[in-house]
Structure formats: structure tokens, C-alpha cells
2 protein chains.
Amino acid sequence: MSDRAIRLLLADDQALVRGALSALLGLEPDLEVVAEVGAGDQVVPAALEHHPDVALLDVEMPGMDGIAATAALRASVPDVRVLIVTTFGRPGYLRRAMQAGASGFVVKDTPAAQLADAVRRVHAGLRVVDPALATDSLVAGESPLTARETEVLQAARDGSSVAAIAAKLFLSEGTVRNHLSSAIGKTGATNRAEAVLTADGNGWL
Amino acid sequence: MSDRAIRLLLADDQALVRGALSALLGLEPDLEVVAEVGAGDQVVPAALEHHPDVALLDVEMPGMDGIAATAALRASVPDVRVLIVTTFGRPGYLRRAMQAGASGFVVKDTPAAQLADAVRRVHAGLRVVDPALATDSLVAGESPLTARETEVLQAARDGSSVAAIAAKLFLSEGTVRNHLSSAIGKTGATNRAEAVLTADGNGWL
DNA sequence: AAGAACGCATGACAACTGTCACGGGCGAGT
DNA sequence: ACTCGCCCGTGACAGTTGTCATGCGTTCTT
């Protein structure tokens, strides 16, 4: 399996980072970047065209986020292994990424020298997970929020009032307040803003 | 001035991005990365030790942010030119960076091929500014917030209540409410949360 | 010296927010 | 069939928040 270079697909919305990662990985003789895309919904088409062995995906991307892209990729091109490379080590991201079929999860403040190794391990069929993040993920656990609570909190992220949220989701104001109150309780917050912050910080939104 | 490679200092808190940028710029024969640091307060010491020609600084960094690092660097090692390379194109960042003495300002979603050119231009004494961002900066203008309003809004970022903010800043609750109300008015928000978002989005915090 | 802008504070009012108790409907699992 | 959890809603209550008028002291500019 090793007389041919490992073919890589890079997906990151920041062109500079994408290009830089490409340069970094291109330095390794056994790695070859065959495609670069800047949006989640370009991942599958690019994979179909260039047949990469490993896809490095960011989570935060326009169009389709990296988690959804992972799922889509696994569904349509199962041979491709996915390594998530992201800025934010939110526990929920890790969990959801693995559930979506990712083989690895690396945060962007790991040393540059380790990235190539992570790629090789993923290509070899191993799983690569940041150890510190893995324990965080166990502690934080799955999102305790129900679908509606999540939706309401998402709508509250931009500082909307209860009335605005209710209008957007076609709910009564009282219902919105109930969902918010419940979400506040579950997140251990005292506040809507706090609840949004902790839920977001855990990758629950 | 051009028979010697341009010496670069890289500062970014994400090791992976730092290393990747280093690889990218290292591909250019006339550029040489002589130092890499991961925190703002390491910029000046590293510059004193390695005598770079150009420093590439991120804005978001632990210890000391890129803007403060720019000012410190210009003060202690005036020969070094500064190119800010950042994720967020907040108008206020641009303005403050230039006022702090930066020679250039590049967002991380500019094409990778342009970065080396930007470095060369900055080294040649030119100013490099993202055009779209420059106009935004003119529109958004300087922060309309007073020192106290800014401080109060910063304290409100984590969803603190009025009482908590008042306690933290040793103010009466009424005063905090007044400052908040004024900040809300100036930002065109209807809300504390909204005010925080727009102020933050403009780089006023 | 006067005015303007800022910071701090108080008190009062309306609006919004968070909580609670309660009820009904729906689907999943026992 | 029954329970459980989730969703939706109402109404009421206390607490918080945003606004406004007003006052005083300080600093900076004209």
C-alpha cells in the first residue's frame, strides 16, 4: 500500500491556510495534495473527480460544515478516510465528527510536524484523536438539549428577543420562553446569553 | 537591498497554521523564516534575537494581541516592518493595527499565492491593505464607544448580569445600566447581546 | 471663564425575561 | 393500555433590563 503517494483532499474556507497546509504537506515525499476546496459542498464533487485517499476537512466552512461533509463523503465515496482539522476543540464537534464517520480529529494548535503522521495513520486505517480533547468529550458528554431547545438557542445567538425568536420559529412567546428556560437550566446557566455561550462552547449548536 | 533573503518572524497561536505558513513561505527562495512564536509577548524577544526584516502577526493571540505586539515591536525594534495576517477582517482591527504602526493587513482568506508578494511589498516599504476591508473600515469608522462603555460591554460579553458587571468594575448597577444603554444606542442595537455582537464584529472590543 | 464630553450616581417607569404550575397532544417503548 | 419524554400553549409572578430625567464632579478645549 505504500509504493504510491497518499492522495489528499484539503477543505478549509481560509484560502491562505489551505494553501499553507498544502505547502506543508507537499514537503512530505509520500503525500500529494490532489485537490483543494473552500466550501463544504465542494468536497464530494472534488472527491469524485480526484479520488483522494484521505480528506482533511475543517469544521467551520460555508455551504456545508465539515461534519455534514464527512457524512456526505462517507456515504458517496466510502473509500476516502476523513481527518478533521479544526480550530475549535469543541467536545461536541469531536463526538459528532466521529459519529459521522471521521477517522481522526486534530486541533489546529497541534505541532505542524505531527500533521503528516496523523495523515499517515488515518490512511493506515487507524484512528487519530487528540487525547486531551477526548477526555473533555467524555466529561462534557452528549448534548442534553432537545431538538427544539437547540433550535431556539441557535435563534437566540444573535441577540434576538423572545418575540423575534417566536416569530422566526412560528411559536408562541411563552413556548419560546419555556424552551429557553429549560435550556438555561440544562446548561447550568443563569441567563440566555450564558446558555448560548456554554452550549456553543461545547459544540451543541 | 535584495541580494539577501528577507528574514521573517511568524507569530500565530495555532501551531499548525504557523508551521504551514512557514512551509508556504519557505518555498520562496527570497524568503527565510528565522523565528516562530505562539504568543504575543514572545514577539519582541524573538525579534531582538533573530533580527527579522518583516514580522507576520496574527491579531488573536494569547498573552498580548497582535495589535499590542505591533506597537511594542515598533517601539523597541523600529526597523522591523509588520504585516498583520488575521482571520477576522474586523474594520476596527485594521484601523488600530495601522495606528499601531503596521505596514500591511491581510485576511486569511486571501489566496496563498499573494502572501509572498505582500511580504515583499511590505519589506520594500509599501503598504498592503485588503481593498474590500479598507472601504469597510471607512464606513464603519472608529469606535463611537467611550472607554467605560467599552469596558462595560467587554464585561458583558460572557453573559454577566448587570449586578455581576457592577461588582467586577466597582460601579453602581444604575451606572452600568446607563453605560450599557448608551452603548446599545450607539451600536444601533436594541439589546445588550446585540450590542456586544456588533461592537465585537467591528473590532471595537 | 464657559461649554462640552465624560464618568458616576439616583430614582422611577415600562418592557422584557426567567420561572413555575398547569394543561393538552403526539410518538416510542414497556 | 400505559408511561415517558418531548412539543406546544396559557397565565401569572418576580426579577432583570433598558430608558429617561436629573444631578454633581472632573477634565479638556475654546
Side-chain angles (χ1 to χ4, degrees), chain A residues 92 95-96 99 140-205, chain B residues 92 95-96 99 140-205:
Chain A
R95 177 180 301 271
R96 283 190 283 151
Q99 281 171 352
E142 216 160 343
S143 173
L145 304 174
T146 68
R148 260 314 198 206
E149 287 160 2
T150 308
E151 209 174 346
V152 170
L153 262 196
Q154 282 171 345
R157 251 196 302 202
D158 59 356
S160 297
S161 64
V162 169
I165 299 171
K168 191 186 296 177
L169 300 180
F170 304 104
L171 293 175
S172 100
E173 300 194 8
T175 303
V176 171
R177 285 218 296 271
N178 285 338
H179 285 309
L180 278 176
S181 179
S182 156
I184 290 168
K186 286 179 180 177
T187 53
T190 60
N191 218 344
R192 185 189 319 188
E194 254 183 278
V196 168
L197 286 179
T198 71
D200 211 6
N202 282 322
W204 293 340
L205 299 188
Chain B
R95 175 179 302 269
R96 283 190 283 150
Q99 281 170 352
E142 215 160 344
S143 172
L145 303 174
T146 69
R148 259 317 197 202
E149 286 161 2
T150 308
E151 209 173 347
V152 170
L153 261 196
Q154 282 171 346
R157 251 197 300 201
D158 59 355
S160 296
S161 65
V162 170
I165 299 171
K168 190 186 296 178
L169 300 181
F170 304 105
L171 293 175
S172 98
E173 301 193 9
T175 303
V176 171
R177 286 218 294 270
N178 285 338
H179 285 308
L180 279 175
S181 179
S182 156
I184 291 168
K186 286 179 179 175
T187 52
T190 60
N191 218 344
R192 184 188 321 188
E194 253 184 280
V196 167
L197 285 179
T198 71
D200 210 6
N202 282 323
W204 293 339
L205 299 188

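Numbers restart at 1 for each chain; the letters A, B, ... are given by sequence-line order, proteins then strands. All values reported here derive from a predicted model rather than from experimental measurement. For the numbers below, each heavy atom of this structure counts, side chains included, while hydrogens, waters and symmetry mates do not.
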Requested in this report: Please state how far atom CG in B:L145 lies from atom C1' in C:dG7, giving the value in whole angstrom units.
Outcome: 15 Å

Query - Reported CZ-to-OG distance for the pair A:R192 and A:S160, which is rounded to 0.5 angstrom - result: 8.5 Å

Query - Atom pair distance, as rounded to whole Å: NE2 in A:H179 and C1' in D:dC6 - result: 8 Å

Report summary line: The reported gap from CD1 in B:I165 to CD in B:Q154 (rounded to nearest 0.5 angstrom) is 11.0 Å

Report task. List for me each residue that meets salt bridge (charged side-chain N to carboxylate O under 4.0 Å, His left out) alongside B:E194, sequence neighbours excluded, and say none if there are none. Result -> none

Query - Spacing of CG belonging to A:L205 relative to CG belonging to A:L145, to within rounding of 0.5 Å - result: 7.5 Å

Query raised in the report: Do any side-chain nitrogens or oxygens of A:N178 fall under 4.0 Å of OP1 or OP2 in C:dT19?
Result: no

Requested in this report: Check the distance between C:dT17's P and B:R192's CZ and give it to me in whole angstrom.
Outcome: 11 Å

Requested in this report: Answer yes or no: is there a side-chain heavy-atom contact under 4.5 Å between A:W204 and A:T187?
Outcome: yes

**Report entry** With B:R148 via salt bridge (charged side-chain N to carboxylate O under 4.0 Å, His left out) - residues at least two apart
**Finding:** B:E151

Query - Taking every non-hydrogen atom, the tightest pair across A:R96 and A:G203 - result: NH2-O, 2.6 Å

Query raised in the report: To the nearest 0.5 Å, how far apart are OG1 in A:T175 and CG in A:L180?
Result: 11.0 Å

Report summary line: OG1 (A:T146) and NZ (A:K186) are apart, to the nearest 0.5 Å, by 5.0 Å

Query raised in the report: Quick one, which residues of residues 169-176 of chain B touch DNA chain C with a heavy atom under 4.0 Å?
Result: B:L171, B:S172, B:G174, B:T175

Query - Rounded distance in Å - CZ (A:R177) to C1' (D:dC8) - result: 14 Å

Query raised in the report: Can you tell if the side chain of A:T190 reaches within under 4.5 Å of the side chain of A:I184, non-hydrogen atoms only?
Result: no

Query raised in the report: Checking side chain to side chain contact (heavy atoms under 4.5 Å, CB included) for the pair A:R157/A:L153: CA distance, chi angles, key distance, verdict?
Result: CA-CA 6 Å; A:R157 251 196 302 202; A:L153 262 196; over 6 Å; no

Query raised in the report: So which heavy atom on B:A189 is nearest to which on B:A195, and how close?
Result: CB-N, 3.5 Å

Query raised in the report: Heavy atoms, side chains only, cut-off 4.5 Å: are B:R177 and B:S181 in contact?
Result: no

**Report entry** Residues touching DNA chain C, which here means a heavy atom under 4.0 Å, drawn from residues 180-189 of chain B
**Finding:** none

Query raised in the report: How bent is the helix from C:dA1-D:dT30 to C:dT30-D:dA1, comparing axes over its five end pairs at each side, to the nearest 10°?
Result: 30°

Report summary line: The correct set of residues in residues 147-167 of chain B placing a heavy atom under 4.0 Å from DNA chain C is B:A147, B:R148

